[in-house]
Amino acid sequence: MLTKRIIPCLDVKDGRVVKGTRFVNLKDAGDPVQIASFYGSQGADEIIFLDITASFQKRKTMLEVVEKTAECTFIPLTVGGGIRNVEDIKNLLNSGADKVSLNTAAVENPSLVQIGAEKFGRQCMVVAIDVKKQNIQPEKWEVFTYGGRKATGIDVFEWIKKVEQLGAGEILLTSMDADGTTEGYDLELTRRISEMINIPIIASGGAGTLEHISDVLTRGKADAALAASIFHYNKYSIRELKEYLAKKGIAVRLS
Amino acid sequence: MIAIINYGVGNLKSVKKALEFVGAEVKVTAKASEIKQAKAIILPGVGAFRVAMRNLDELKIIPLLKEEIKKGKLFLGICLGLQLLLTQSHEDGLCAGLDIVKGQVKRFNFSDDLHLKIPHMGWNTIKIKNKKEDILKGIPDNSYFYFVHSYYIEVEDKKQIMSVTDYGGEFCSAIGKDNVYGMQFHPEKSGDLGLKILDNFYKLSER
């Protein structure tokens, strides 16, 4: 049976993991290569690096990080953040990334999703979408870009349909309302989108407890759950989470 | 040396790194001389069947690959590289494959009530049908491997099926036919057990 995936996400800036790393047994707790390997050995199903490097000049650092990670961690690796064109995608894939995640670039230049899918295959094109619920009637979920700073006026359901047509292989959905609250994922939004599309959906934003993750994989109908702080602060290990999910009857990979 | 065929589809880096990790010497190549020299050949690949066949054709290495396989050289097709071994694919109309293994490549087609997504993406188990194959040495039954594909293979000779996987019904997830192996999943992305398969393959090539 196909299992639900658990995906830790690392924010990387200038080649260093920036938030929340309290791994006592790592020599260098800020090294993304070591942390990725650690998560891999714990049973993570995939790894996502989000590059939040501000300066263009330092972007090459990310390629080196990807290259080194691919030498020692043999599970799928997705890289997002700052990807603007086909060249960026190619460089990341050539360095050893398996998928790239597009957010702002997909909104501003939707053909990039299409070209990427045609050139490298749909399976490596993840479209990340940051969404915020607008308090208006009828209710609307709006897509934001630039790390949640810029409102686009785009309705998320229309956008999702469009990116699926363009050739997205997967959707990474972040609820900005839930993100950072540790009060749980936006189950309604996740479920509505999962039922609407035929490609897998990774839910993100809001995980604070093991139950939140279980909820989004069942009631929220997500195919995968992304979490960051819940793992980084060593609150729970990936193994603990998976054993919890397995007890609840959710198919997960335990090895 | 193991030759990884470089034919312009998908990411060859991860296959190369995984083989190097288990100690193999690897060359990513499309050169006839290097393919001939290699102790084993790997045909990786993700993406579209038709484009892949066209690329192989343009590189003029199809007769060479068939010849090497016929001579008994160890061969492993991964994902699309497995599908290319078959007679024909139903992807994007009908398209002829390498016809090294008799059979068809078909698209998953599920009834709506199953709520199954396509591609089949993520970790799934393999049920081993043929435990005698050395390439699966040390791999427990029902182990997890990483899959990402929208098409699956149907082989004519069921004896060639090494393992099956369930996704809306059972499909063939690995085959073995003499010196030719094929895997629908990605051993290079399947953690320790995937590395174990590549290590087995490497050891077979050194025999």
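Here is how names work: the chains are called A, B, and so on, in the same order as the sequence lines, proteins then strands, and each is numbered from 1. When reading the values below, keep in mind they use all heavy atoms of this one structure, side chains included, and skip hydrogens, waters and symmetry mates.
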Contacting region of [X] [heavy-atom separation from chain B under 4.5 Å]:
X        : result
A/Asp223 : side chain
A/Ser95  : backbone
A/Ile199 : both
A/Ile201 : both
A/Ala224 : neither

Measuring heavy-atom distances to chain A, does [X] have an atom under 4.5 Å in its side chain, in its backbone, in both, or in neither?
X        : result
B/His149 : neither
B/Ile118 : both
B/Ala18  : both

B/Lys17 and A/Glu67 ion-paired at < 4.0 Å: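 Salt bridge between B/Lys17 and A/Glu67, a charged N being under 4.0 Å from a carboxylate O: yes.
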Gap separating the CE atom of A/Met1 from the OH atom of B/Tyr167, nearest 0.5 angstrom: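 Output value for this atom pair is 10.0 Å.
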Reported CD-to-NZ distance for the pair A/Glu71 and B/Lys16, which is rounded to 0.5 angstrom: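 Reported to 0.5 Å precision, the distance equals 8.5 Å.
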Atom NZ of B/Lys60 with >12 non-hydrogen neighbours under 6.0 angstrom: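 No, because the 6.0 Å sphere around NZ of B/Lys60 holds 12 heavy atoms or fewer from other groups.
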Enclosure of B/Asp192 CG (heavy-atom neighbours >12, cutoff 6.0 Å):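 No.
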Heavy-atom pair count under 4.5 Å with chain A, highest-scoring of B/Ser14, B/Gly122, B/Gly194: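 Top option by heavy-atom pairs under 4.5 Å: B/Gly122.
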From B/Asn124, B/Leu116, B/Thr165, B/Thr125, residue fulfilling side chain to side chain contact (heavy atoms under 4.5 Å, CB included) relative to A/Leu2: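 By the side chain to side chain contact (heavy atoms under 4.5 Å, CB included) criterion, A/Leu2 pairs with just one of B/Asn124, B/Leu116, B/Thr165, B/Thr125: B/Asn124.
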